[in-house]
Amino acid sequence: MPDSEKPTLLLVDGHSLAFRAFYALPIDSFVTRDGQHTNAIHGFLSMLILLLQKEKPTHLGVAFDISRFSFRNREYPEYKGTRGETPPEFKGQVPLLEEALHAMNITTISKEDFEADDILATLSLQGKQQGYRVLVVSGDRDTIQLVDDDVTLLYPNARGVSELKRYDEDAVRERYGIDPAQYPEIAALVGETSDNLPGVDKVGEKTAVKWIQQYGTAAELLEHADEISGVVGNNLREQRDRVVRNRKLNRLVRDVELPVSPHDLVRNPIDATAVREVFERLQFRTLLDRVIKLEGTADDQLVGDDERLPVAAIPAVRTMVDEELAKWLDTASEHGTAPLGLRIVTINGQVEGFGIASASESAWVPWAPGRPDYEALASWLASDSPKYLHEAKRQLKTLAGTGLELNGIAFDTTLGAWLLRPSTKADTLGGLTYYYLGETLPEPDPSQLVPETEAVSPATEAWYVFRLAGELASRLDPGSLSVSREIEVPLVPVLARMETQGVAVSAPVLAELNSRLGTQAAEIARQAYAEIGREVNLGSPKQLQEVLFDQLGMPKTRQNKTGFSTDAASLADLQDQHPHPFLELLLQHRDATKIRQIVETLEKGIGADGRVHTTYEQTGSATGRISSNDPNLQNIPIKTEVGREVRSAFQPGEGFETLLTADYSQIEMRIMAHLSEDEGLIEAFNSGEDLHRFVGARIFRVDPSEVTPVMRTKVKAMSYGLAYGLSAFGLSKQLRIETSEARELMADYFARFGAVRDYLRGVVEQARADGYTTTIFGRRRPFSDLTSTNRVLRENAERQALNSPIQGSAADIIKRAMLTIDADIRERMLGSRMLLQVHDELVFEVAPGELPELTEIVRTRMAGAATLSVPLEVQLGSGPNWDAAAH
DNA sequence: AAGGTGACGTA
DNA sequence: CGTACGTCACCTTG
C-alpha cells in the first residue's frame, strides 16, 4: 500500500511535551482568575491542534507517565535522580490536561511501572506491523531509536513546542551519521546527564559515532575494547559497566501489555459539551474556537453529554393570523394545557411579531398595534397556557405599552441553564443550543452591518427554545426544578415590574451633593499637592506609588501585580509606621471622589420620568443572589455621613406618600443557627438579647451587661466572618490583633458553639462527596475544585462551598418573600409598589393611606418566608427618603 | 477600542 | 490567608 493511503497513527508523549511547553511559554501569561497555571496545557493543546490539522491522523493516542518511578528505578535507583522537584506550577496542570484530552475524546494511555516512551515504542511497533504510517511526538531523544521506514519522530526544538523537527531515517542519518536503531548505542557511550546516566569520560558524540560506525553496537565495541588506544580506550575499559547499564536502560520496551491497540485509537468526535466546560474552566477562548473548527461544522460530528443526539428536522415555518392562528394555537397547546415555545420580536422597541412553536410545528405571527384581528393571540398570551421563553424578563418587558399581557411563563431557558451551571454567565440562545443540543443556530454577528449569516426565523428560534427547555428541565434535579418553578420563574414578572417602575431620585439633591463634593475634592487635592510639592493624579495607583515609595521613602506595602498596594488598608498601615499628612488627604480625596462617582452615575441614570431604572440580573451570581446593574442600586453608600446623603436623594415619586424599607436582621446568622442546629446560637436568637452581646457573654464568660464594646466588636467580626470561611490570620488582620489572640478567640467561640464548626466542616465534606452544595430550598451550586491538588484552588472552593448554602438560602428566602408580597399587593389592588431589593432589604413606595396595611403585609410575608428553628426578624421603617426610612 | 487591574461601594 | 457582586479610572495592548 502506498504511504499516502495508509492510516496515520499519531502517538504523543504527553508528559514530555507538556513539560517542554511549560518552559516555552511565559508562566505568568497563562493563569486563570483562580490562580491556576495553564501555560503547559495551552502550549500542548496548541501544538496538538496544529498537528491534527497538518498531519490529519486517523488514529491518535497520548501517553503519560504514571509517576516518576518505573522499572528502571528498581534496576538503577539513581536513574533520573538528579532531576529536581517538579515545579509546583507544572504539577497541577497534568490532570487538567488529561481532562481536556478526554473531553476531546482523545485516548490517554499510561501503564504502571513503565514510562510513556515505552508505551510509544510498543504502539509504534504494533502500528507499523498493522500497516499504519506512524508519527511519534516526544521530547525524549531516546525515541530516535523508534524511527524507521514507517515511523517518523517529531521532536521539539530548543524554541519550544510550536515547531517540531521531523526525523525520518534520512534525517537521523544526516544528523548523527548512524541508523536510528543505533542511536541508543551512541547514547549509552555518551551518557545522558538529564537522566543521571554518566557515559564514558571524554567520549562525546563524535567519538561514539566513529566507534559505532566501526563496530555496529556498543556490545561489539566492548568485545573489542582492548583495540582502542589512548585515554578514551582506558576510560572505556574501566567504565564498561556504565555502558552496559546505559544501554540496558535506554532500550525502550516494545512489548508492554496495554489495554489498547492501534485500532482502538481511532479518532472520535469531540464531546462538545465537555470541551466547552473544560476550556471555560481553563479560560481558553481562542483554543476552544480552534478545537471546534477542527471538527468542522457538521452537526453529526458533535456529541452531547454521553450519547449522540439525533438532529431533529426543523419544522417549516407557517405564517398565521386570525382564524387559522386561533385554531392552530388551540390544537398545538392542546386547549391551553401543552407548553409552546415563544419568541417575541421587536425592532427599535416596536413589537413586530411572535414566533411560536411546538415540538413539531412552528408559526410566525406578524403583529401591529391596534389591529383587532389578533384576539386569539392576545388571549393565548394572557392565559395560563404554559409558555417556554429565553430571557423571559427581557421579552416580557418588550410587551410594555402594547396592551398585550403575558402570563403562563412555565420555563425560562436562561434561568434553567443558570440553575444547572450557576457559576457561568448567561449565554445566548445560540450558545445554549450548541451547548445542550449540539446543534448550530445561525446567529448574525451584531458587529457586521451586512451579516454573513442569515438569522433563522423567530418561529424556528421558538422551536429551539421549546426543545432547549425540555432538555434543560430533564437535566435539572428535582430540587433545582422546584427552585425554577416555585421561585425563579414566578419572580420574572415581579422583577420586570420593579425595573419598569424604577425609583424616583431627586436631581437637585444629587446636583448639590455633586458640586459640594467636587469643591471638596479640589480643595483636598490642592492641599495634597502642597504636601508633596507637585501635582500628581491622585487617582492613579502608579503615580501614587512614585510619591509614596520613591519620593517620600515610605516602607513598602503589600505587593500586587503592578507594584505595591495603595489601598485603604495599606495606607492606614503606612500612617501608623510613617505618619504623613499626605496619607490622610489622599484617603479623604478617595472618599470624596468615590461618592461623587456614584452620584454622577445616578444623575446620568435618571430617566425622563425622573426615575432611575436599574436592571436586575437574575442569573448574576453563583449563589442565587440577584445583582443589579446599569446603574447598580445595590451599592448605594450608607456607612458614612455623606454616603447617607446619597440615600436621601431616593424619594417617593409623585402621588406617593412615603418610602417603606424592610430588612432581615442577621438573616445569615439565623440560617447558620438553623442549619447547624447549634443550641447556643438558637438560644441566642430566642432569648431576645442582642446577638453579639449574648455570644460575647458566652465566649468571655461574663454577664451580658459586662460585654464591653471592644468585646462586642470582636465577636461581631468573628460571627460574620464565620460564614465566609474566615481564618485566624484574616480575623487578626481585620481586628488588627495578634494572630495568637485571633486563634484563641476562634477556639473560645467554637468551644461554646461547637455545632457551628461541625456544620461548616460537614458542608465542605458533603460538597466534596456530592460535587455540589444545596440551599434550604434545593438550589444547587456545583464545585469542581474541592478535590484539586492545588491548595489555593482547593481552599478557595472550600470557602465558597461553606458560604453558598448560607448566602444562597438567604437569597431563596427574600425571593420567596418578594413573591408573596407582590401577590398580596396585586390581590388587594394596592397602589403601593415594591421598588428595590438589596439582598436582605426591600424598599417600597407607599400610596397614600396604605402604610399600615403594607407594613403588615411586608412584615408577615418576610417573616413567614421560611420556617426555621429561629424566628426571622424583620426591621421596618418609613420616611420621606431612603435614608430617613432606615431605622 | 478593548481588556486587564486596582480600588471601593453594597450585603 | 473572608463570601457575593458592579463600576469607575487608569493604563497597556492591539
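Lettering follows sequence order; numbering is per chain, from 1.
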Quick one, A:D567 with A:R558, criterion salt bridge (Lys or Arg N to Asp or Glu O under 4.0 Å). Give me CA distance, side-chain angles, the key distance, then yes/no. CA-CA 9 Å; A:D567 68 12; A:R558 179 168 54 87; 2.4 Å; yes
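Among B:dA7, C:dG2, B:dA11, the nucleotide with an atom closest to any side-chain atom of A:K639 is B:dA11. Candidate nucleotides B:dC8, B:dG9, B:dA11 were compared by shortest atom distance to the side chain of A:I598, and B:dG9 ranks first.
Contacts of A:A811 with the nucleic acid, taken as non-hydrogen atoms under 4.0 Å apart, are absent. Nucleic acid contact for A:T601: sugar-phosphate only, since backbone atoms but no base atoms lie under 4.0 Å from a heavy atom of the residue. If you check every strand for non-hydrogen atoms under 4.0 Å, A:I638 touches sugar and phosphate atoms only.
Rounded to whole Å, the distance from CG on A:D591 to P on B:dC8 is 9 Å. Rounding to whole angstrom units, CG of residue A:L587 and P of B:dA7 are separated by 12 Å. For the pair A:L633 CG and B:dA11 C1', the computed distance is 14 Å after rounding to whole Å. The CD-P distance, from A:Q545 to B:dG6, rounds to 9 Å in whole Å. Summarising the geometry, the separation between CG on A:L731 and P on C:dC1 is reported as 16 Å, rounded to the nearest angstrom. Taking atom CG of A:L586 as the reference point, atom C1' of B:dC8 lies 13 Å away to the nearest angstrom. Per the geometry, CG belonging to A:L802 stands 14 Å off C1' belonging to C:dC1, to the nearest Å. Distance A:I636 CD1 to C:dT7 P: 11 Å, rounded to the nearest Å.
Applying the 4.0 Å criterion to OP1 and OP2 of B:dA7, one finds that A:S565 has a side-chain N or O inside that range. Within the 4.0 Å cut-off from OP1 or OP2 of B:dA7, not a single side-chain nitrogen or oxygen of A:R590 is found.
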Side chains of residues 744-766 of chain A: which donor-acceptor pairs under 3.5 Å do they make with residues two or more places apart or in other chains?
| residue | atom | partner | partner atom | Å |
| --- | --- | --- | --- | --- |
| A:Y749 | OH | A:S719 | OG | 2.9 |
| A:Q766 | NE2 | A:D770 | OD1 | 3.4 |
| A:Q766 | NE2 | A:D770 | OD2 | 2.7 |

Can you list, pair by pair, the side-chain donor-acceptor contacts under 3.5 Å of residues 587-594 of chain A, counting residues two or more places apart and other chains?
| residue | atom | partner | partner atom | Å |
| --- | --- | --- | --- | --- |
| A:Q588 | NE2 | A:E584 | OE2 | 3.2 |
| A:R590 | NH1 | A:T566 | O | 2.8 |
| A:R590 | NH2 | A:T566 | O | 2.8 |
| A:R590 | NH2 | A:T566 | OG1 | 3.3 |
| A:T593 | OG1 | A:H589 | O | 2.8 |
| A:T593 | OG1 | A:R590 | O | 3.2 |

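A salt bridge links A:R736 with A:D576: at least one charged nitrogen is closer than 4.0 Å to a carboxylate oxygen. Ion pairing between A:D690 and A:R712 holds under the 4.0 Å rule for side-chain N and carboxylate O.
Panel note: side chain A:T38, backbone A:I41; no donor-acceptor pair is recorded below 3.5 Å.
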Between protein and nucleotides 4-6 of chain C, what N or O pairs are separated by less than 3.5 Å?
| residue | atom | partner | partner atom | Å |
| --- | --- | --- | --- | --- |
| C:dA4 | OP1 | A:R781 | NH1 | 3.2 |
| C:dA4 | OP1 | A:R781 | NH2 | 2.9 |
| C:dA4 | O4' | A:Q807 | OE1 | 3.2 |
| C:dA4 | O4' | A:Q807 | NE2 | 3.0 |
| C:dC5 | OP1 | A:A622 | N | 2.9 |
| C:dG6 | OP1 | A:S627 | OG | 2.9 |
| C:dG6 | O4' | A:N632 | ND2 | 2.9 |

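Using the six-membered ring where Trp is involved, A:H42 and A:F284 have ring planes that are perpendicular, over 60° apart on the 30 and 60° scheme.
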Strictly under 4.0 angstrom, non-hydrogen atoms only: write out the protein contact profile of nucleotides 9-14 of chain C, one letter per nucleotide from the 5' end, B, S or -. SSSS--
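Not counting sequence neighbours, the partners of A:E741 by the side-chain hydrogen bond (donor to acceptor under 3.5 Å, both in side chains) test are A:K714. Residues passing the side-chain hydrogen bond (donor to acceptor under 3.5 Å, both in side chains) test with A:E845, sequence neighbours excluded: A:R611, A:R833.
Side-chain atoms of A:Q618 and A:E488 include a donor-acceptor pair closer than 3.5 Å.
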